[in-house]
S.K.: 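Quick one: this structure, given as structure tokens, is what I'll be asking you about.
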There are 2 protein chains.
Amino acid sequence: MTAASIRARVRAEMTEEIKAAARRHLATDGANLSLRAVARELGMVSSAIYRYFASRDELLTALIVDAYDAVGAAAERAEAGVDRADLLGRWLAACRAVREWALANPHEYALIYGSPVPGYAAPPDTVPPASRVGLLITAILADGFAAGKLAAEQGQPVPQPLRPELAALVGQLVPGVPEPLLARGMTAWIQLFGAVSFELFGQLNNMIEDRGTFFEYQMRTAARVVGLEG
Amino acid sequence: MTAASIRARVRAEMTEEIKAAARRHLATDGANLSLRAVARELGMVSSAIYRYFASRDELLTALIVDAYDAVGAAAERAEAGVDRADLLGRWLAACRAVREWALANPHEYALIYGSPVPGYAAPPDTVPPASRVGLLITAILADGFAAGKLAAEQGQPVPQPLRPELAALVGQLVPGVPEPLLARGMTAWIQLFGAVSFELFGQLNNMIEDRGTFFEYQMRTAARVVGLEG
DNA sequence: AAAAGTCAAGAGCAGTGCTCTCTAAAAATG
DNA sequence: CATTTTTAGAGAGCACTGCTCTTGACTTTT
């Protein structure tokens, strides 16, 4: 039993080492990292990797899950450090955390929010980690609504055909939040990742140099759309 | 002379055929399409491709330029069909055209707005085509401001450090537009491509089914941020 | 101590981007 | 018209890729 768990522990450590090496290679080769190169770096032969991951795709999936969890955790940590009553502060803290994580781990960010890897279908285990940031945002909205600080309706009316879908989402994510508020929350969500992606993927090149200030402005604008004032 | 231009014309046709085949392969293999497979499809040998493109990157660059031009042209065409005084209509037409082009050509969209291809640096010739949609949006803003329909200031104040950069952008893109208006235009620009990318890259999966309506709502919300009312 | 389970290595297959050399045809030049 | 020059493509080859299968060594369990 102890022996078995030793083996299991060694196996877990090896798995982590492979992922760490793969993450390093992600930086130079992107999603088409080379299994053989990873193996070489670890001083083993390529076929040995297959004892730990059934395929390259499975390795990628592990990296994707880790990445989603890492952004999610970073955003949650930052948001948790802000006074609960300061809704704008909580939103901005989460946004900044996402951006900073993305800047520090650009290739992992690209892996999860960039173009889908061709021929790769995300398995179901990636879904829960993928929704952590979205959940965090909606939690802020829920708090704001509960405290009477966020209006249910504001701005563009939500088209009728969207309401049942939004209602279902509210039901499974944040019970009690009005659909129009969630709809605006999704606007902010798109704005957040749109801004980070544009910066990271080079769309701001030759246009904006002071990316930090630009991002701050964008996220404050998004906050206004949702109804979060200072 | 005529003979020379015959040769040149054949060469141009062959170049187009290679690009067309490469575009087809983009669908299955994404950015790491195989030169050999492209050559095979054209009934030639891989080394022959190198008579037309010095490297795989050069082929990719050609595809990227074509893609930027295609979205740009689609957006311009759609926007041109709307009454000049109908600013909201022009904005929405451009947005819908971008989305529809992206849905029809998802892999080309991913090539230009997705994660950067690892080890690939976009050469300067991609810059002008890349800015066509942005130019179109700012042209709408300029018209609206000239007609007195768009307020210079609105919503979130533009941070001081951003103003000189925005001023420079205004100068080289759309003289006469106030910086805060351009800043809001960029918000809408991010919202547009953020929404399309989220839909295309699968971030809306298991959340929103009626993507068309959702997109419409998002773009109308973005229009409000800029100050474009019905 | 024997049986079962696990790990890693090595060879091999079909594929890749790219370079180099060679041939055949076409165009430009005398 | 004949000859030189330019060009397109073919083919072989290099170092690489993901992945499979077989073989040998080691560890855990019975």
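Predicted model, so just to flag it, every value in this text is computed and none were measured. Throughout, a chain's letter reflects where its sequence line sits, starting with A, and its residues are numbered from 1.
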S.K.: Nearest-Å distance, CE (A:M44) to P (D:dA25)?
M.R.: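 That distance rounds to 19 Å.
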S.K.: Roughly how many Å is it from CG in A:L42 to C1' in C:dA9, rounded to a whole number?
M.R.: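 It works out to 15 Å between those atoms.
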S.K.: Please figure out whether B:M14 or B:S46 has its closest DNA chain D nucleotide nearer the 5' end.
M.R.: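 Result of the comparison: B:M14.
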S.K.: Could you go over nucleotides 22-24 of chain D and give all protein N or O partners under 3.5 Å, atom names and distances?
M.R.:
none

S.K.: Just say parallel, tilted or perpendicular for the rings of A:F198 and B:F193, cut-offs at 30° and 60°.
M.R.: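 Tilted, since the angle between the ring planes falls between 30° and 60°.
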S.K.: Ion pair present between A:E100 and A:R96, side-chain N to carboxylate O less than 4.0 angstrom?
M.R.: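 So A:E100 does not pair with A:R96 through a salt bridge.
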S.K.: Touch check for A:F53, heavy atoms < 4.0 angstrom, all strands: base, sugar-phosphate only, or nothing?
M.R.: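 Here A:F53 touches no strand at all.
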S.K.: Side-chain N or O of A:Y50 versus OP1/OP2 of D:dC21: is the shortest distance under 4.0 Å?
M.R.: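 The answer is no; no side-chain N or O of A:Y50 sits under 4.0 Å from OP1 or OP2.
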S.K.: How long is the line joining NE2 of A:H25 and P of D:dC16, in whole Å?
M.R.: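 That distance rounds to 14 Å.
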S.K.: Is the shortest side-chain heavy-atom distance between B:W189 and B:L136 below 4.5 Å?
M.R.: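 Side-chain contact under 4.5 Å: no.
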S.K.: Between C:dG17 atom P and B:Y120 atom OH, what is the distance in whole Å?
M.R.: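 Between P of C:dG17 and OH of B:Y120: 16 Å.
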S.K.: Measure from CZ on A:R11 to P on C:dG5 and round the result to the nearest Å.
M.R.: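 So the two atoms are 15 Å apart, to the nearest Å.
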S.K.: When you compare the side chain of B:E179 with that of B:V158, does any pair of heavy atoms fall below 4.5 Å?
M.R.: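 Result no, sub-4.5 Å side-chain heavy-atom pair not found.
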S.K.: Between residues 29-36 of chain B and DNA chain D, which residues have a heavy-atom gap below 4.0 Å?
M.R.: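 By residue number: B:R36.
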S.K.: When the distance from CD of A:E17 to C1' of C:dC7 is rounded to whole Å, what number comes out?
M.R.: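 Taking atom C1' of C:dC7 as the reference, CD of A:E17 is at 15 Å.
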S.K.: Expressed as a whole number of angstroms, how long is the span from A:Y52:OH to D:dG18:C1'?
M.R.: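 Taking atom C1' of D:dG18 as the reference, OH of A:Y52 is at 19 Å.
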S.K.: Do A:S47 and C:dA9 have a side chain to base donor-acceptor pair shorter than 3.5 Å?
M.R.: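 Check passes, donor-acceptor contact within cut-off.
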S.K.: Once you round to the nearest 0.5 Å, how far does OG1 of B:T61 lie from CZ of B:R56?
M.R.: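 Those atoms lie 10.5 Å apart.
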S.K.: Would you say the side-chain atoms of A:T187 and B:Q218 include a donor-acceptor pair closer than 3.5 Å?
M.R.: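 Yes, B:Q218 and A:T187 have a side-chain donor paired with an acceptor closer than 3.5 Å.
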S.K.: A:R56 has an atom CZ; how far is it from atom C1' of D:dT20, in whole Å?
M.R.: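 Spelled out: CZ on A:R56 to C1' on D:dT20 is 17 Å.
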S.K.: Side chains of B:Y109 and A:S115: donor-acceptor distance under 3.5 Å anywhere?
M.R.: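 Note: B:Y109 and A:S115 side chains miss the donor-acceptor criterion.
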S.K.: Do B:L169 and B:L182 come close enough that some side-chain heavy atom pair is under 4.5 Å?
M.R.: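 They are in contact (side-chain heavy atoms under 4.5 Å apart), so the answer is yes.
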S.K.: What contact category does B:S55 fall into here, base, sugar-phosphate, or nothing, at under 4.0 angstrom with non-hydrogen atoms?
M.R.: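 Since only primed, P, OP1 and OP2 atoms lie under 4.0 Å of B:S55, the category is sugar-phosphate.
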S.K.: Do you see a donor-acceptor pair shorter than 3.5 Å between the side chains of A:S131 and A:Y68?
M.R.: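 Result is no, nothing qualifies.
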S.K.: Reckon A:R40 has a side-chain N or O less than 4.0 Å from the OP1 or OP2 of D:dC16?
M.R.: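 No, because none of the side-chain N or O atoms of A:R40 sits under 4.0 Å from OP1 or OP2 of D:dC16.
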